[in-house]
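Worksheet: one structure, shown below.
When a ligand or atom number is given, it counts from 1 through the structure's own listing order.
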Amino acid sequence: MTERPNLIAVLGGTGAEGRGVALRLAHAGYAVVIGSRSAESAAAAAAAIGEAAGSANVSGVANLDAAKRADVVILTVPYAAQMALVCEIKDALAGKILVDATVPLMPPKVARVQLPGGGSAVAAVQEFLGEGVRVVSAFQDVAAHHLQDLAHAVDCDVLVCGDDVPAREVVVAIARDMGLRGIHAGPIANSAAAEALTSLLIAINRRYKVPGGAGIRITGVTEDADSREAR
Ligand SMILES: NC(=O)c1ccc[n+]([C@@H]2O[C@H](COP(=O)([O-])OP(=O)(O)OC[C@H]3O[C@@H](n4cnc5c(N)ncnc54)[C@H](OP(=O)(O)O)[C@@H]3O)[C@@H](O)[C@H]2O)c1
């Protein structure tokens, strides 16, 4: 049976993507703690998210405190801030699942794929943290605008990559509870493809003026196949 987290931290949950993720988590009944560089900003964001989600279980504290309290930690900060934050919270992550939504966008050319040396922003985090932290990548290709609008269903799949298959299962289940379809997309090295896709989606958004942002759908995967043991 898939573990259900007791408390999920969303670091950078004051921002666009983190607010959307936290809102959908809270709406799905998860207890959520927002993390920020400022405890006051986190508390303010938590109050707004809790009200919008109809949940009394959203709190807000500084990033490190949030990472210490939670059993699953979701990272939603800009690429430029990713590794410094991971260094700050490293000791709090031992044995936990770290879900990283980071896309290595390098402004101003964000519609062009520019993956870092080593191939992937999230794979670099797994390498830095080692096997003691179960790193999973997800949500890179789901636009914040869609996540933040609870009134409509998100027409987009979530690619879930990670070397630890049970950890991936947890994240696929969380995505499902949020009203999204999580797809097992292989080991953490495959996160490079999910990270690269974001720049393609930005280019598509510009060309076709997609309201709220384009997303992706994987065809041919049935519910039945999804419920079989992950490989
Ligand atoms: N926006 C989207 O639609 C979207 C979609 C998919 C994936 N993503 C990815 O999700 C991540 C967050 O995107 P976003 O659009 O939500 O970004 P954002 O709004 O610019 O930033 C998110 C939060 O990160 C924190 N932050 C900013 N600079 C920081 C720094 N130097 N050090 C530590 N924390 C810092 C801020 O929180 P505090 O000031 O409260 O600390 C901010 O509210 C990015 O990696 C992005 O590529 C975004």
Does an N or O from [X], backbone or side chain, lie closer than 3.5 Å to an N or O of ligand 1?
X	answer
A144	yes
S36	yes
A16	yes

Can you tell me the protein heavy atom closest to [atom] and the distance?
atom	result
atom 32 (N) of ligand 1	A81 CB, 3.2 Å
atom 6 (C) of ligand 1	Q140 O, 3.1 Å
atom 24 (O) of ligand 1	P78 CD, 3.4 Å
atom 22 (C) of ligand 1	T76 O, 3.5 Å

Is L85 in contact with ligand 1, taking contact as a heavy-atom separation below 4.0 Å?
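The answer is no, since L85 has no heavy atom less than 4.0 Å from ligand 1.
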Is there a heavy atom of S38 sitting under 4.0 angstrom from any atom of ligand 1?
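S38: no contact with ligand 1 (<4.0 Å).
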With atoms numbered from 1 as shown, which atoms in ligand 1 lie under 4.0 angstrom from a non-hydrogen atom of [X]?
X	result
F139	6 (C), 7 (C)
A143	3 (O)
G12	22 (C), 23 (C)
V142	5 (C), 6 (C)

Going hydrophobic residue to hydrophobic residue with side-chain gaps under 4.5 angstrom, can you get from L129 over to L64?
yes
Same apolar cluster (I L V M F W Y, side chains within < 4.5 Å links), V32/L11:
no
Taking everything shown except R217 itself, do over 12 heavy atoms lie less than 6.0 Å from its CZ?
yes
Please check if the number of heavy atoms outside Q114 that lie under 6.0 Å from its CD is greater than 12.
yes
Is there a donor-acceptor pair under 3.5 Å between the side chain of D71 and the backbone N or O of L7?
yes
Looking at A44, is its backbone amide N or carbonyl O close enough to the side chain of E40 to form a donor-acceptor pair, meaning the two atoms are under 3.5 Å apart?
no
Closest by any non-hydrogen atom to [atom]: pick that one out of [options].
atom	options	answer
atom 26 (N) of ligand 1	R37, R19, E17	R37
atom 38 (P) of ligand 1	N63, D100, T14, I34	T14
atom 44 (C) of ligand 1	L105, V103, L201, V77	V77
atom 9 (C) of ligand 1	G15, G20, A101, A80	A101

Not counting sequence neighbours, list each pair that qualifies as a side chain to side chain donor-acceptor pair (under 3.5 Å) and has a residue in residues 83-109.
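Passing the test, one end in residues 83-109: Q82-D100, D100-T102.
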Looking only at side-chain N and O atoms, does S120 offer a donor or acceptor that is under 3.5 Å from a partner on E195?
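On atom types as modelled, these side chains qualify, holding a pair under 3.5 Å.
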If we check side-chain contact (heavy atoms from CB on, under 4.5 Å) with L25, which of these qualifies: N57, L147, I74?
I74
H152 and H146 aromatic ring geometry - parallel, tilted or perpendicular at 30°/60° bounds
perpendicular
Ring of Y30, cation from R4 - is the NZ or CZ under 6.0 Å from the centre and inside 45° of the axis?
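Ring-cation test returns yes.
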